[in-house]
Amino acid sequence: MTATRTLLAVDGNSLVHRSFHALLGTQLATRDGRPTWAVKGFVSQLLGAVDRVGADALVVGFDDHTTSARKAAHPHYKATRGPKAPELVHQLQLTADLLRDAGVEVVVPEGLEADDVLASAAAQARAAGWSTVVVTSDRDSFGLIDPSTSVLRVINGGIEASPLLTPERLTMMIGIQPGQYRQYAAMRGDTSDNLTGVRGIGEKTATKLLNAFGSVEAALADIDTNAGARVAAEVGKAVVGKLASPEARAAFWGNVEIMTMRTDIPLGLGWEPAGVGHLPLDHGKVTAALAALELTSLVGYAGRVLCGVDEPAPRRGASSWAPAARESAPQPAESASDAAPHDAASRGASSDEAPGAAPLVAAAVTDPVDPWTADTLF
């Protein structure tokens, strides 16, 4: 029986944003002044993810920064966010251009977001008999998890330390099924997107409600036809009044609409052998794309994981952009200051960490933390 092939679907906006803030202090730039610290951090994470999951094909999604169908329909969506820093906007574009030049399939859906690319990738890969690994630092994609789709959630500690979330692990982590996650999130709300949930219903109550009823629709039906007797018995009488409120229902259903990801975005991927988006990529194109942004320290590692070109291990003591303890790492970086950002972005380590050292992930695992922030285990 032929083994299932794996598509890696990457949230470009999420990972570039993460690298931008993590590596801001490095101010890495090309000789002509173009900022590249977020680009380099992103590519490092991308290479680590391809290497870790053994991807057969790759697609990277980015938000359409010119227009938003969700904002047009729901003006409050993300209304509290300020404008992006010019250096971030520039590096988002530089990253997309580098990927295209390297031969990576990049999708920017008109009026939509990277999340819609990820959902479309998962749905289309499933239909083709493939599995999908979604790579993101956000939790929005948790609802995509199913037997053929897992989420590699990037956290402090880098790709190697990041959890690969399956249906079983998500249920163990939150207490609900992946198919219930969107309603769970809609009840809880999302302050970062300016989405108010159902007031007075937090994560614990939302979990209890979904476990008892399976869906919010079933709970609402009990309220509308049975005065909420069962809801009161399962989660308390106060919840009946909260869910009966027209304002609460409007907020909930509005959140559900906003959080529903499109699955019909044309991706241009080919599912047959050597189709569009498949690895390996052309070594010459990958090398030229990295060299154009003076990211030559990445060439060896990129050649190995994206192009299947074997490279010798680096000299002992040389800086490396490969994950720790990998023997076939890239060649030494251009300079010590240029190589330093990789360690901080992809592994959460300091820039003077000794080459080959184990990833510094103990704090991410053992410290008491909010389990929903982007820098914790989940």
Inset, instruction - Mind running salt bridge (charged side-chain N to carboxylate O under 4.0 Å, His left out) on Glu160 and Arg52 for me, showing each step along the way? - result: CA-CA 7 Å; Glu160 292 296 323; Arg52 175 174 170 178; 5.5 Å; no
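- A perpendicular orientation is assigned to the rings of His74 and His76, their planes being inclined by more than 60° (bins at 30° and 60°).
- Here the shortest heavy-atom pairing between Ala161 and Gly157 reads CB-O, 3.5 Å.
- Between Ile159 and Val154 there is a side-chain heavy-atom pair separated by less than 4.5 Å.
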Inset, instruction - Decide side chain to side chain contact (heavy atoms under 4.5 Å, CB included) for Val104 and Leu281; before the verdict, give the C-alpha distance in whole Å, the side-chain angles of both, and the deciding distance to 0.1 Å. - result: CA-CA 8 Å; Val104 174; Leu281 301 179; 3.7 Å; yes
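- Residues Val198 and Arg188 have side chains not in contact (no heavy-atom distance under 4.5 Å, counting atoms from C-beta outward).
- The closest side-chain donor-acceptor pair between Arg18 and Asn156 falls under 3.5 angstrom.
- The closest donor-acceptor contact from the side chain of Ser120 to the backbone of Ile265 lies under 3.5 Å.
- Side chain of Asp146 to backbone of Ser148: a donor-acceptor contact under 3.5 angstrom is found.
- Proximity of the aromatic rings of His278 and Trp130 is defined here by a centroid distance below 6.0 angstrom, and this criterion is met.
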Legend entry - Candidate pair Lys208 and Glu234, rule side chain to side chain contact (heavy atoms under 4.5 Å, CB included), full reasoning: CA-CA 8 Å; Lys208 290 180 180 178; Glu234 296 286 356; over 6 Å; no
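- No side-chain donor-acceptor contact under 3.5 Å links Trp271 to the backbone of Ala125.
- Between Thr36 atom OG1 and Glu87 atom CD the span is 12.0 Å, to the nearest 0.5 Å.
- More than 12 heavy atoms of other shown residues, nucleotides or ligands fall within 6.0 angstrom of atom CD in Glu217.
- Checked by atom type and distance alone, the side chain of Asn194 never pairs as donor or acceptor with a backbone atom of Lys78 at under 3.5 Å.
- Taking hydrophobic clusters as Ile, Leu, Val, Met, Phe, Trp and Tyr residues chained together by side-chain heavy-atom distances below 4.5 Å, Tyr184 shares a cluster with Val134.
- Contact record, Leu7 with Leu58: CD1-N, 3.9 Å, taken as the closest heavy-atom pair.
- Note on Val16 and Val59: separate hydrophobic clusters, where clusters join Ile, Leu, Val, Met, Phe, Trp and Tyr whose side-chain heavy atoms are under 4.5 Å apart, directly or indirectly.
- Between the side chain of Thr30 and the backbone N or O of Arg34, at least one donor-acceptor pair lies under 3.5 Å.
- Take Asn211 and apply the side-chain hydrogen bond (donor to acceptor under 3.5 Å, both in side chains) test, not counting sequence neighbours, and it matches no residue.
- Defined by atom type and a distance below 3.5 Å, a donor-acceptor pair is missing between the side-chain atoms of Asp64 and Thr67.
- Of the charged side-chain nitrogens involved, none lies within less than 4.0 Å of a carboxylate oxygen, so that Asp115 and Arg262 do not count as a salt-bridged pair.
- With rounding to the nearest 0.5 Å, the separation of CG in Asp11 from OG in Ser137 is 7.0 Å.
- Cluster membership check: Leu46 shares its hydrophobic cluster with Val299, using side-chain heavy-atom separations under 4.5 Å among Ile, Leu, Val, Met, Phe, Trp and Tyr.
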Legend entry - Asp190 and Asp140: CA distance, side-chain angles, deciding distance, side chain to side chain contact (heavy atoms under 4.5 Å, CB included) verdict: CA-CA 10 Å; Asp190 189 334; Asp140 300 337; 4.1 Å; yes
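- When only modelled atom types and interatomic distance are considered, Thr166 and Ser150 share no side-chain donor-acceptor pair under 3.5 Å.
- Between Phe62 and Phe42, the ring-plane angle classifies as tilted under the 30° and 60° cut-offs.
- Using a cut-off of 4.0 Å between Lys/Arg side-chain N and Asp/Glu carboxylate O, Asp138 and Arg153 are scored as not salt-bridged.
- How far CG of Leu98 is from CD of Gln93: 11.5 Å, rounded to the nearest 0.5 Å.
- Side-chain N or O atoms of Gln183 include none that pairs as donor or acceptor with a backbone N or O of Leu210 at under 3.5 Å.
- Residues Leu269 and Val53 are members of separate hydrophobic clusters, defined by side-chain heavy-atom contacts under 4.5 angstrom among Ile, Leu, Val, Met, Phe, Trp and Tyr.
- Residues Leu8 and Val135 are in side-chain contact: their nearest non-hydrogen atoms beyond the backbone lie under 4.5 Å apart.
- The shortest non-hydrogen separation linking Asn255 to Gly189 is ND2-CA, 4.2 Å.
- Side-chain N/O atoms of Thr6 and Ser131 include a donor and acceptor closer than 3.5 Å.
- Here the straight-line distance linking atom NE2 of His90 with atom CZ of Phe20 works out to 11.5 Å at 0.5 Å rounding.
- For the atom pair Arg304 CZ and Leu306 CG, the distance stands at 10.0 Å (nearest 0.5 Å).
- Inter-residue side-chain proximity for Leu243 and Phe252 is flagged as unmet; no heavy-atom pair is nearer than 4.5 Å.
- You'll find the side chain of His17 reaches within 4.5 Å of the side chain of Leu92, heavy atoms only.
- Side-chain contact between Pro163 and Ile155 is present, with heavy atoms from C-beta onward closer than 4.5 Å.
- Through side-chain heavy atoms spaced under 4.5 Å, either directly or across other Ile, Leu, Val, Met, Phe, Trp or Tyr residues, Val89 is tied to no other residue.
- Counting only heavy atoms from C-beta outward, the side chains of Phe142 and Met173 approach each other to under 4.5 Å.
- Residue Arg199 qualifies as open at atom CZ: its count of foreign heavy atoms under 6.0 Å is 12 or below.
- For Asp116 (side chain) and Met261 (main-chain N/O), no donor-acceptor pair under 3.5 Å exists by modelled atom type.
- What you find for Gly41 and Leu23 is that their closest heavy atoms are CA-CD1, 3.9 Å.
- The distance from atom OG1 of Thr132 to atom CD of Gln124, rounded to the nearest 0.5 Å, is 9.5 Å.
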Legend entry - Criterion side-chain hydrogen bond (donor to acceptor under 3.5 Å, both in side chains) on Ser297 and Lys40, from CA distance to verdict: CA-CA 10 Å; Ser297 65; Lys40 194 166 191 179; 3.0 Å; yes
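- You'll find the side chain of Val151 stays beyond 4.5 Å of the side chain of Leu164, heavy atoms only.
- Linking ILVMFWY side-chain heavy atoms closer than 4.5 Å, directly or via other members, places Val117 and Val276 in two distinct hydrophobic clusters.
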Inset, instruction - Apply side chain to side chain contact (heavy atoms under 4.5 Å, CB included) to Met187 and Leu209, showing your working. - result: CA-CA 10 Å; Met187 279 192 284; Leu209 192 73; 3.7 Å; yes
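- No donor-acceptor distance shorter than 3.5 angstrom exists from the side chain of Ser141 to the backbone of Leu144, with no hydrogens or angles considered.
- Here the side chain of Asp63 pairs a donor or acceptor atom with the backbone of Ala114 at under 3.5 angstrom.
- Under the 3.5 Å distance criterion, the side-chain polar atoms of Gln91 are left unmatched by any main-chain donor or acceptor of Leu88.
- Between Ile223 and Val240 the shortest heavy-atom distance is CD1-O, 3.9 Å.
- Considering all non-hydrogen atoms of both residues, Gly308 and Pro280 come closest at N-CB, 4.3 Å.
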